[in-house]
Structures are given as C-alpha cells and as structure tokens.
**Q** 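Structure below; questions to follow.
We use all heavy atoms of the structure for the numbers below, so side chains are in, but hydrogens, waters and symmetry mates are not.
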Amino acid sequence: MDTIMLRSIEDMPPNFVGAESMRNLAAGVMNFAPDGFGHEIAESCLSDFERNFKGNNWGNNGPGVITRVMRKVCDTETIALMFDPKRCKGFHIFDRNIFYAISWEEWRDFFEPEKMEKTLSRTDHSYIAHFWNKKSVDFPVKVGIKSAFTTMAENNCPHVYKAIVNHFSHF
C-alpha cells in the first residue's frame with residue numbers, strides 16, 4: 001500500500017510527471033502518450049537509464065532518470081520553471097502537491113493521529129497520496145486509531161480497507 005488514489009487522473013493531460021521536491025521529479029507517477037512526443041520522452045528515459053544505471057543508487061535510477069531527461073527537454077535545471085508546459089514543449093510537470101504533498105522525510109505524518117488534520121489538509125488538492133513504502137513498510141498501522149492513512153484508505157478504498165483491516169495491528 002504505497003499509494004492511494006484520492007481523485008481520478010482520467011482527465012489529466014496525456015504526457016505528465018510530478019515533482020517530488022524542488023530538486024527532483026519523481027518516477028512513481030508518470031504518463032506518456034504511446035506515440036509522438038510522449039513516446040520520445042519514454043525512449044529518452046530508457047536510454048538515460050541504460051547509460052547512467054547505478055545498482056547501488058536508487059535515486060539515480062528512479063527520480064534521477066526523469067529529472068535528467070526533463071532538464072534537457074525543458075532547457076532548465078530549475079524544477080519550478082518546468083511547471084510551465086510551454087517551456088517543456090507541452091509536457092506537463094505538476095508541482096509536488098499533486099502527487100507528493102508529503103515528502104519522504106515526513107512520511108510518519110500519514111500515520112500519527114496528532115498530525116491527521118494537518119496531513120489531510122496538505123493533501124486536499126492531491127490526486128494521489130504516496131506513503132513512501134521504502135520508509136513506512138515496517139511501521140505498524142493500528143486498527144481503531146484514526147490517522148491520515150486510515151482515513152484516506154477508508155474513504156477512497158473502502159472495500160480494500162474493509163477486507164484488509166484484519167491484517168493491521170490491533171492496539
């Protein structure tokens with residue numbers, strides 16, 4: 001359970017990626033049209049991955065790939081300037097609030113009851129909530145304790161949440 005869809009992405013443009021921070025784009029949510037410019041970007045990502053792969057450096061192989069490719073496409077090192085699709089030849093770069101409103105450094109905020117309201121507020125405009133499984137995988141989720149994670153799961157994935165509630169830790 002690394003992500004929960006908070007709203008549909010059906011009406012989003014055909015070619016997009018989201019910023020993870022003001023330094024990097026993220027590889028977790030990307031959309032490329034199967035032909036034309038989107039396909040060219042996907043091919044550029046595969047070529048960059050092949051040229052720059054470092055087995056011991058996840059960041060280089062994940063967010064590093066799309067960040068390097070889009071820096072060339074958008075002709076800038078500055079993520080904030082990439083938010084203008086004209087600069088990026090029609091490719092859309094969404095700010096971090098759309099897919100990554102809570103940073104990997106703040107992943108615990110999804111699970112701490114005292115941070116529930118603030119975290120829900122920060123993700124109010126998000127399409128997806130990303131829980132940073134690499135960090136949160138061993139964090140116990142307690143049944144019956146309200147948190148941003150349990151609220152999002154219950155509201156947006158009620159059937160799945162109900163089916164797996166017995167797999168969570170009980171307090």
**Q** Work out which heavy atom in T123 is nearest to a heavy atom in L6; give both atom names and the distance.
**A** O-CD1, 4.0 Å
**Q** Between N15 and A33, is there a donor-acceptor pair closer than 3.5 Å when you use the side chain of the first and the backbone of the second?
**A** yes
**Q** Could you pull out the closest heavy-atom pair between C88 and I93, with the gap in Å?
**A** SG-CG1, 4.2 Å
**Q** Decide, yes or no, whether a salt bridge links E106 with R122 under the criterion of side-chain N to carboxylate O below 4.0 Å.
**A** yes
**Q** Determine whether the aromatic ring centres of residues W104 and F131 are separated by less than 6.0 angstrom.
**A** no
**Q** Does either side chain, that of S8 or that of E10, offer a donor lying less than 3.5 Å from an acceptor on the other one?
**A** no
**Q** Are the side chain of D2 and the backbone of N133 linked by a donor-acceptor contact shorter than 3.5 Å?
**A** yes
**Q** Do any N or O atoms from the side chain of N156 and from the backbone of I4 form a donor-acceptor pair under 3.5 angstrom?
**A** no
**Q** Partners of K135 by salt bridge (Lys or Arg N to Asp or Glu O under 4.0 Å), sequence neighbours excluded?
**A** none
**Q** Can you check whether I128's main-chain N or O pairs, donor with acceptor, with R7's side chain at less than 3.5 Å?
**A** no
**Q** Would you check if the side chain of T67 reaches a backbone N or O of N24 as a donor-acceptor pair within less than 3.5 Å?
**A** no
**Q** Write down the atom of H130, the atom of T3, and the distance for their closest heavy-atom approach.
**A** CD2-CG2, 3.5 Å
**Q** Between Y127 and M5, does a side chain to side chain contact (heavy atoms under 4.5 Å, CB included) hold up when you go through it step by step?
**A** CA-CA 6 Å; Y127 282 71; M5 295 290 297; 5.7 Å; no
